[in-house]
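The structure appears right after this line, and notes come after that.
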Amino acid sequence: MFFDEAKIYIKSGDGGDGCVAFRREKFVPFGGPSGGNGGPGGHIYLVADRNLNTLIHFKKRVHFKAEKGGRGSGQNQQGKAGDDRLITVPPGTVVYDADTGELLADLVEDGQRVCLAKGGRGGRGNAAFASPTNQAPQLAEHGEPGLERWLRLELKLIADVGVIGMPNAGKSTLLSVVSAARPKIADYPFTTLQPNLGVVQVDGHQSFVMADVPGLIEGASEGVGLGHQFLRHVERTRLLIHLLDGAATDPLADYETINRELAQFSAELAAKPQIVVLNKMDLPDAKAWWPLLQEAMRARGIEAYAISAVSRQGIRPLLRRAFELLRTLPAAELAPEAPAVFRPDRVEEAFTIEREEGGWRVRGVRVERVAAMTPFTLPEAAARFQRQLRAMGVVQALEQAGVQPGDIVHIGAEELEWQP
Ligand SMILES: Nc1nc2c(ncn2[C@@H]2O[C@H](COP(=O)(O)OP(=O)(O)OP(=O)(O)O)[C@@H](O)[C@H]2O)c(=O)[nH]1
Ligand SMILES: [Mg+2]
């Protein structure tokens, strides 16, 4: 109920391919290997930006990719690093892996950033494979593929202003006339069963978040009615609009009742700044109460406003005052659910082997990645790949499963003929 949600797809940049090259210089008959490494792919970052307060921009844009690293070239030139991609989100955004539900990060402060997909590393060029036994390697690597994943973003909306008051005071009506929220409104108490939130625009460009907090009655602080569970939410707001029903038998007595409940719940709630507002000024009863209420509030040194939510009278000065007060109050504190952490991307070592049409299929994050990084057209690449498969235990596992010479083995996009 207090959440804004979005689902996005991210993919970090693939690493650039490594290069096979040899030095060609005058008077150097056997130039050594000089193929440079590919550049690393760009990372994907999420960055908290306090100029945002919703996740609405992700409705239009769902896919985010970072740039691929450049290819390595001769003369040991490393490829250019791919550009990172920064995705801005409002502070208060909690990030989950959409598939596993794992909590990945909680961005709280303006400017905070978290890397959620590291770019692939650049493939090594042949210079990197030179050794005393192989001084002219015909070998390089493709860049490491970037990481892709779906993220679920959840924004905890925190109301700046809570509208409190007795049932039927017109809290939902007020919220509906100052924001796009459309809470249910009816002429009986406990119409609203859940707090509603709305974004209130003040004079076009300024805004704050307002919550309609229902269900407060006598005994709410002890668990009577619905109010108890919502007092927690009230605790997190910065300012209260205490709305009084001008058509009630005794609005002043209602005022005292609600304040008593706040005080019994916590001293902090009782101390929260309030603007007292008499509603339903279009009715004669409310008009009759206004001078009395004004006087009573003046005696207590408390600001009072008179409005009619239905006829929208007196709304603007009230919103302006609320906004003005908010500016003087400290910003709401967001308690992080978890520290924003950099999670090194684990590469899953495990693999499986299955029989399939016309051969075998090996599946596994690491083994597929190694296959993708192997340029099979290069003379030495296949032999190196075989060694890597053996080191990972894939060769042994295939033999145990009964692979025969000439069988086709599929790994990722590769199709290999088995030769022991
Ligand atoms: N005449 C008049 N009626 C109003 C005004 N504001 C609200 N009402 C009426 O008062 C009744 C209650 O309004 P709601 O907005 O549902 O009141 P609420 O405080 O949200 O009530 P609960 O959700 O039950 O706690 C409805 O019939 C509204 O039409 C007003 O300014 N003037
Ligand atoms: Mg209501």
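For clarity, every value in this text was computed on a predicted model and none was experimentally measured. Indexing begins at 1, ligand by ligand and atom by atom, following the structure's order.
In summary, the side chains of N259 and Q274 do present a donor paired with an acceptor at a separation below 3.5 Å, with no hydrogens or angles considered.
Qualifying ring pair (Phe, Tyr, Trp, His ring centres under 6.0 Å) partners for W150, counting only residues two or more places apart in sequence or in other chains: Y9, H63. Applying the ring pair (Phe, Tyr, Trp, His ring centres under 6.0 Å) criterion to F376, with sequence neighbours excluded, gives F385.
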R238 vs D160, salt bridge (Lys or Arg N to Asp or Glu O under 4.0 Å): CA-CA, chis, key distance, verdict: CA-CA 5 Å; R238 296 192 280 151; D160 301 297; 3.2 Å; yes

CA sep, side-chain torsions, deciding dist, call: R152, E5, salt bridge (Lys or Arg N to Asp or Glu O under 4.0 Å): CA-CA 7 Å; R152 185 164 60 83; E5 272 203 342; 3.1 Å; yes

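Residues E144 and R124 are not paired through a salt bridge, judged by the lack of any N-O separation under 4.0 Å between the basic side chain and the carboxylate. Salt bridge status for E354 with R361: absent, with no side-chain N to carboxylate O gap under 4.0 Å. For the pair E324 and R321, the salt-bridge criterion is met [side-chain N within less than 4.0 Å of a carboxylate O]. Here D245 pairs with K280 in a salt bridge; the nearest charged N to carboxylate O distance falls below 4.0 Å.
Distances under 2.8 Å from the Mg ion (ligand 2) pick out the protein N/O/S atoms S172 OG, T192 OG1.
At a heavy-atom cutoff of 4.0 Å, ligand 1 is surrounded by P167, N168, A169, G170, K171, S172, T173, I185, A186, D187, Y188, P189, F190, T191, T192, N279, K280, D282, L283, S308, A309, V310.
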